[in-house]
Amino acid sequence: RLVSFFGSGGPLLRELVLSPCCLKGWLGKEVQRQARELHRPHYEVLVSTLAELVRAACRDAEGEGGSGCADSSGSAAEVEVREWYDAEVLSEKNGFVLAS
């Protein structure tokens, strides 16, 4: 829901930081399936999947006549979405999705 909210928030929501921790529901099942298929760690696939969901939310909101991920003037803006892992976080769950 937060990802969809960011995508449709227009100029009021210009930045997003997600710090995923769990594999739950339909997304968890899909991530587990992809991780097995790709031979990658579940958590890396979760972070990558959430980053792609943020990108898609911006595209989808814009395509539905909304402003999508807009800049401060309300114009459609290119959103930079990055995956970042912080080695200083003392947990194996140290990935972030950053969008601005």
Side-chain angles (χ1 to χ4, degrees):
R1 290 183 179 166
L2 182 60
V3 170
S4 296
F5 187 65
F6 177 73
S8 64
L12 298 176
L13 296 172
R14 296 181 11 215
E15 295 181 353
L16 174 70
V17 177
L18 292 177
S19 177
C21 68
C22 311
L23 298 170
K24 293 185 176 181
W26 69 269
L27 181 60
K29 290 176 184 172
E30 179 63 19
V31 164
Q32 289 175 349
R33 185 192 64 74
Q34 286 183 12
R36 278 192 305 272
E37 191 175 287
L38 299 170
H39 304 288
R40 290 181 56 203
H42 291 115
Y43 189 70
E44 286 180 15
V45 175
L46 176 61
V47 172
S48 295
T49 300
L50 286 172
E52 184 50 39
L53 287 173
V54 172
R55 289 181 192 98
C58 291
R59 287 191 304 266
D60 291 349
E62 192 174 335
E64 293 172 1
S67 58
C69 296
D71 63 18
S72 58
S73 70
S75 300
E78 184 67 31
V79 174
E80 178 185 0
V81 180
R82 311 186 286 136
E83 300 169 30
W84 181 60
Y85 291 86
D86 186 347
E88 299 295 318
V89 173
L90 301 177
S91 168
E92 60 188 31
K93 308 272 198 273
N94 64 345
F96 298 87
V97 176
L98 310 171
S100 60

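Position 1 is the first residue of the sequence, and the numbers go up from there.
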Following the transitive rule for hydrophobic clusters with a side-chain heavy-atom cut-off under 4.5 Å over Ile, Leu, Val, Met, Phe, Trp and Tyr, establish whether [X] and [Y] coincide in one cluster.
| X | Y | value |
| --- | --- | --- |
| L16 | L27 | yes |
| W26 | V54 | yes |
| V89 | Y43 | no |
| Y85 | V31 | yes |

Measure across S100 and E15 and return the closest heavy-atom pair with its distance rounded to 0.1 Å.
->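 It is CB-CG, 3.8 Å.
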Heavy-atom closest pair (P20 atom, L50 atom, distance to 0.1 Å) is CB-CD1, 3.5 Å
[X] side, atom [atom1]; [Y] side, atom [atom2] - distance, nearest 0.5 Å:
| X | Y | atom1 | atom2 | result |
| --- | --- | --- | --- | --- |
| C22 | K93 | SG | NZ | 7.0 Å |
| E83 | L18 | CD | CG | 11.5 Å |
| S48 | R40 | OG | CZ | 4.5 Å |

For A35, all residues meeting side chain to side chain contact (heavy atoms under 4.5 Å, CB included), sequence neighbours excluded = H42, V45
Quick one: does V97's side chain get under 4.5 Å of V81's, heavy atoms only?
-> yes
Taking D86 for its side chain and N94 for its backbone only, find out whether a donor-acceptor pair lies under 3.5 Å.
->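 Looks like no, no N/O pair under 3.5 Å.
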For R33, enumerate each residue passing the salt bridge (Lys or Arg N to Asp or Glu O under 4.0 Å) test, keeping only those at least two apart in sequence or located in another chain.
->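 R33 satisfies salt bridge (Lys or Arg N to Asp or Glu O under 4.0 Å) with E30, E37 once adjacent residues are dropped.
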